[in-house]
Structures are given as structure tokens and as C-alpha cells.
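Numbering of ligands and ligand atoms starts at 1, following listing order.
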Amino acid sequence: MSKTEEVSTPAPKGNFIHQEIEKDLKEGKNGGAVLTRFPPEPNGYLHIGHAKSICLNFGIAEKYNGGCNLRFDDTNPTKEEVEYVESIKQDVRWLGFEWEGQEKYASDYFDQLFEWAVKLIKNGKAYVDDQSAEAIAAQKGTPTEPGVESEFRNRSVEENLDLFMRMRNGEFKEGERVLRAKIDMASPNMHMRDPIMYRIIHKSHHRTGNKWCIYPMYDFTHGQSDFIEGITHSICTLEFEVHRPLYNWFLDQILEGEPEPERRPRQIEFARLNLNYTVMSKRRLLELVQKGIVNGWDDPRMPTISGLRRRGYTPASIRMFAERVGVAKRDNIIDVALLEHCVREDLNKRAPRVNAVIDPVKLVLINYPEDKVEWMEAVNNPEDESQGTRQIPFTRELYIERNDFMENPPKKFFRLGPGREVRLKNGYIIKCEDYKKNENGEVEEIYCTYDPETRSGNDTTGKKVKGTLHWVSASHSLPAEVRLYDRLFMDEDPAGHKDKDFKEFLNPDSLNILTNCRVEPSLKDVKALDFFQFQRLGYFCVDPDSTPGHLVFNRTVPLKDTWAKMTKK
Ligand code: ATP
Ligand code: MG
């Protein structure tokens, strides 16, 4: 893999897959139709890599006025669950896409696949092998050495048919027999060395129940499922390039003696998305969930779509990211800072600005009347006038961030310190007169005077100060819990170390829960996933755990943009 790549804006002509599709359209292939599919195996939740594939496939359908199927490649009943099917449907829809007709399942094609397997047996193109999986693997050879033919390879058609029916009827135990394609044990392509087509699994399937105890292998299912659905362009990741001759071989066999079909899927491969500072294999993500290292598939630290959603990522930001990483033919690693940049760009335009103090210290305006409340007008979003303004309460006792005050500030510290002046945003200019510490030596209260002539929007003094602080009213603000997240891993490629487990690189400080926060009263009725900019602190969204009596916010990203800095250089 190349090292972290700069992101190029996609060429106006579209990516190389678009160009191939346009060529096919120009040549009048498929009667001008374009039908793609997104084919997840329901054995885990979708992640950001899947999002790229979803955006690509559904994006092609939109661009060429075609369609995109959602098909569950559910050939392995040992790992698949209905929970995953439901989460996948939810995630695709949340990203803003709708599939063609009903969702499809490879398991709906089990009867047809079985018939085709029988056809191959009858044509002498498949045989039942009594060897164990280990023995078969040992005979596979290496890329430079041919494999060894099984002693069962030359069984008669009758015997093969009889054994295959008995496999289906449940007469054998798991692992006792498999059905293999009869291709070429000396092929330079290992996938062509008599690959397994069917294996015995005595387990009920989430859709077909106990109807089957033999299940087709992914490789005997995927290409034919595309063919059955009339998919014109089968877009997949690079590792499937070497499977392409096998898919074509299977199609040739099942079409043997049949008229040439109107459509035959054309497979085009692209490089999968890799992101630094995370892991993306479903096996590893499942391990994090099962071992309780994260709080479920939708933990906001996970690279899953459900995790990103809970973290506050918007569908638009993920689509923007997929567009910007583009489509490559060679593997590369994308910097997670680009993903963060995309969500900032989207939320900057859309997120209402509000005030929250996440590490509060009390500030008392000693010359401000005790019971007075002034409702100050505050702009909701300077990037979007249509979001209007709201009123925020200003009172004698306020909270500010603890780190906005220093007892002995250096010269360059433009915030608050003894004798110093700052502006309170949407408030007044204040001056620090004194402060009090508790028995632990922590600052407990800060005493200031305010200048009544400096009210924001109505300042007659022309006074200039260097710092502007955010604040909330002590009496009117609401208590809140705020969850701050950092990267889940401290290493750029946690799964890339030969002799180290990826879990050794977990970041012990990836979650920091602050329970003492205060937010402005306008946030009283927020709903799960509502998003905001907490001024000076970052973008935040309402966690689904939040209730009116116990507000909970997740930080999506801080305001500082390392990606923008990197690319400006
Ligand atoms: P598994 O390890 O279980 O095979 P998978 O990530 O390949 O996992 P699938 O459910 O088979 O998962 O993937 C569905 C689709 O998403 C496939 O077309 C696959 O090519 C695509 N896809 C998976 N991971 C990525 C990725 N990182 N980048 C782009 N596309 C991906
Ligand atoms: Mg896969």
C-alpha cells in the first residue's frame, strides 16, 4: 500500500468506472440499461468502507437513470443474523438511498443454484469429494506448483448425482462431503483449482429455515445472483479480480446449451477504502463488540455507519467524503482527518450555534443586580441567516470554562486573569477583580465587574479587548453530560503489525465522560441526533441516551481542522 494519499477532487468526467459504463452505453450494451447492486453479507454492521461502495453503486444508478439492488449475500447460516439485515437496511436508507423494488436475498436463489449444480454434475463439470476440507486444502498446491487431483475426481455422473442428492437429504455429517467444480488443478489461478461449490451445514438459515442442510459457497452464488437479477455492472473490490474467471466459468456452464442471454453482468473492480487509526474488518469489529471493548456496534468510536451516526456524522458528510476519496484502482490509505474535515464543512453550514460550558467555574458580576435577567439576542448561525436569532438569559451569576481563567496568565493569554478584561459574547465587557479558592487550592469563584455601557450590539464606549468568552447563566442553564471522544487506536494501522494483536494499540483515553456540564436553556427539548456547534468547543449531537431530565451530548469533532491545515501547506 502506498502511504497516506493526498485527495484529489474527482475529475469532472467522473471516475474510471463511470467511463467504462459510458463506453458500454455508447456501444448499446444491455439495451441502454444500467443496474448495479450493493451486496453485503449480513454478518456484521456496515462500516465507512461499505458506505463508499454504497455511494458508488447507488450514485451510478442515479447518474445513469438506472437502478441499484440491495442484495443480502446470505450463504453462510453460521454467521448471519436478522439483526444485521435490519441494521444494513436502516444504514443504506439513512445515507439517503433507496434500492430498486424489494430487497433481494441470495437465499431466494437456492433452488435455482441447486438446479444449476445438478446441471454441472450431469455435464461432467462437478463432482462429490469425500475428502476433508484439510485434505482438499493440502492438495491445492501453490501459485507456482500445480495442485493434486482428488481420487474422487473421476466418479461417474450417476454416482455424483446420487451422492449430491444424499448430501441434500441430510444423510451425511458436516465435513463428510463437498461438491466441487471440475476445472483444472494445474491452473495458474488458484481459484480455478476445482473450487468447492457446496458444503454441508446442519444449521437453520434466517430465511430458509431447515429446508437446506447444504449451502452454496459465496463463489458459486455471487456471480449467478447478479446474473439472475440482470445486473449490468457488478462493481466489487480488487480482491475479486482473481475470482472473475471463475464467475465467468460458472456462467458459461449454466448457460451451456441455452441461447445467449440479453444481459451478462460485467465485473469491474476498484480499491477498497482504508482509513488510518482504525480497523475495518468485520471480524475485528465484532471482537471489539463481543469483548465489551466498545459499547456495541453503534459506539461513537466505531467506524461503523451506526457509530458515525451516533457520533453526529450526517449522511451528507459521509457522501461528501465518499466523493472526495474518489475511486482508485490501487490500494491506498485515507487519512481520517479528511472524514472529520467533511463533517465540519457540512455542520459549519447547518449547525445552530449554542453555548455550553463543559468544565464550569462560577463567575459573579459583583455590580450586577441580584434578580435581574436580561435576554440577549444571539445569532443562531452566522453562515445561514435564515436560522434567525434567539434570546439567551444574562444574569449576575454565570459559568465560564475553567481553562478560560488563569491566576498567573502569561502575556499571550488573552482570556481572563486578575485585573484583565474580556468580552462575554452577546454580553458585556467584564473585568476580573478577585477570585476565591477552595481548600484543595482550586479556583471556586471569580469576581468581576461589568461595564453597563458595553452591551453587545449597543456598545457606546468603543472599548477594545482581545478575548471573547462563551458563558451560560448559572441560574438558567441546564445540567448536561458530555462525552468526548478520541481515536480508538493510537497506531495508524493497528491491524498491520505481524506479531502484535491490534488490541495492543487501543487508546486508553478514547472516551472521556464529563458529567458536570451546563448548557443554555434553549436546549431543553432536544431530540436524539440533533446537532449543534457548542461555541469554541466543537460540533456536538444529542446522544440517544439523552432524556429531558438528563441531557447527553456527544462531541462529533472539535473545531480545529487538521486536514485543512495539512492541505494548505
Ligand atoms: P467480509 O470480511 O465479511 O467479507 P466485507 O467487508 O467484504 O467483509 P461484505 O458484506 O461482503 O463485507 O461487503 C459488501 C460490499 O461492500 C462488497 O461489495 C464489498 O466489496 C464492499 N466493501 C466492503 N468493504 C469495503 C471497503 N473497505 N471499501 C469499499 N468497499 C467495501
Ligand atoms: Mg465480502
Side-chain angles (χ1 to χ4, degrees), residues 1 5 15 17 35-61 68-81 83-89 91-92 95 97 99 103-107 206 217-219 221-223 225-226 229 231 233-244 247 265 267-289 297 302-306 308 318-319 321-334 336 338-339 493 495-496 502:
M1 262 179 225
E5 277 202 356
N15 58 49
I17 297 179
L35 184 63
T36 57
R37 83 285 177 267
F38 173 64
E41 187 183 347
N43 61 353
Y45 280 58
L46 298 182
H47 53 60
I48 183 73
H50 294 113
K52 170 172 174 173
S53 173
I54 291 168
C55 292
L56 179 60
N57 280 294
F58 283 89
I60 287 169
C68 180
N69 287 356
L70 172 63
R71 179 178 70 243
F72 293 98
D73 268 333
D74 53 351
T75 53
N76 186 354
T78 61
K79 288 188 186 160
E80 294 157 7
E81 285 176 31
E83 175 196 348
Y84 298 138
V85 169
E86 292 309 316
S87 76
I88 289 169
K89 283 159 62 177
D91 287 351
V92 173
L95 281 174
F97 299 110
W99 47 90
E103 70 264 20
K104 317 262 189 296
Y105 296 86
S107 54
H206 75 115
M217 297 298 289
Y218 182 85
D219 275 351
T221 310
H222 188 78
S225 299
D226 282 350
E229 293 177 8
I231 301 300
H233 296 87
S234 305
I235 320 281
C236 54
T237 39
L238 285 179
E239 68 271 24
F240 290 99
E241 189 172 356
V242 285
H243 295 241
R244 183 163 14 117
Y247 296 170
Q267 179 170 313
I268 305 174
E269 301 88 10
F270 71 99
R272 62 172 49 231
L273 170 74
N274 299 294
L275 208 57
N276 61 8
Y277 293 103
T278 191
V279 293
M280 219 115 82
S281 100
K282 282 193 259 184
R283 178 174 59 78
R284 295 197 179 91
L285 295 175
L286 180 66
E287 189 179 340
L288 292 174
V289 173
W297 285 98
M302 291 279 271
T304 51
I305 297 180
S306 49
L308 291 166
I318 294 176
R319 292 197 305 261
F321 173 73
E323 179 76 15
R324 295 213 180 146
V325 297
V327 180
K329 281 189 216 190
R330 280 221 262 140
D331 273 327
N332 55 33
I333 303 173
I334 301 296
V336 65
L338 176 64
L339 184 60
D493 185 11
F502 74 104

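- Between Trp297 and Thr304, the shortest heavy-atom contact is O-OG1, 2.7 Å.
- For ligand 1, the atoms sitting less than 4.0 Å from at least one non-hydrogen atom of Thr237 are 20 (O), 29 (C), 30 (N), 31 (C), numbered in the order shown with element in parentheses.
- At a 4.0 Å cut-off, not a single heavy atom of Phe240 sits close enough to ligand 1 to count as contact.
- For the ligand labelled ligand 1, residue Ser281 lies outside the 4.0 Å heavy-atom shell.
- Between Glu287 and Arg284 there is no salt bridge, since no side-chain nitrogen of the basic residue lies less than 4.0 Å from a carboxylate oxygen of the acidic one.
- Considering each of Arg284, His47, Lys282, the one bringing a non-hydrogen atom nearest atom 5 (P) of ligand 1 is Lys282.
- Residue contact check: Glu41 has heavy atoms under 4.0 Å from atoms 9 (P), 10 (O) of ligand 1.
- For ligand 1, none of its N or O atoms has an N or O atom of Tyr218 under 3.5 Å away.
- Using a 4.0 Å cut-off to heavy atoms of Leu273, the atoms of ligand 1 that qualify are 26 (C), 27 (N), 28 (N), 29 (C).
- With sequence neighbours left out, Arg37 forms a salt bridge (Lys or Arg N to Asp or Glu O under 4.0 Å) with Asp226.
- Residue Pro40 approaches ligand 1 through these ligand atoms, each under 4.0 Å from one of its heavy atoms: 10 (O), 14 (C).
- With salt bridges taken as basic N to acidic carboxylate O contacts below 4.0 Å, none links Glu229 and Lys104.
- The closest donor-acceptor contact from the side chain of Lys282 to the backbone of Glu41 lies under 3.5 Å.
- Not one N or O on the side chain of Asn57 forms a donor-acceptor pair closer than 3.5 Å with the backbone of Phe38.
- Remark: the backbone N or O of Cys55 is not paired with any side-chain donor or acceptor of Arg319 at under 3.5 angstrom.
- With a 4.0 Å heavy-atom cut-off, ligand 1 is reached by no atom of Asn274.
- For ligand 1, the polar-atom distance check against Ile235 finds no nitrogen or oxygen pair separated by under 3.5 Å.
- Between Lys52 and ligand 1, no N or O atom pair is found at a separation short of 3.5 Å.
- Residue Arg272 holds the heavy atom nearest to atom 7 (O) of ligand 1 of all those in Arg272, Arg37, Glu269.
- Under the 3.5 Å distance criterion, the side-chain polar atoms of His50 are matched with a main-chain donor or acceptor of His47.
- The option from Met280, His50, Arg71 that lies nearest to atom 16 (O) of ligand 1, judged by heavy atoms, is His50.
- Contact record, Ala271 with Lys329: CB-C, 4.2 Å, taken as the closest heavy-atom pair.
- Annotation: side-chain contact (heavy atoms from CB on, under 4.5 Å) contacts of Glu81 (sequence neighbours excluded): Glu83, Tyr84.
- By the 4.0 Å heavy-atom criterion, Arg283 is excluded from the residues contacting ligand 1.
- For Glu239, no nitrogen or oxygen atom sits less than 3.5 Å from a nitrogen or oxygen atom of ligand 1, counting backbone and side chain alike.
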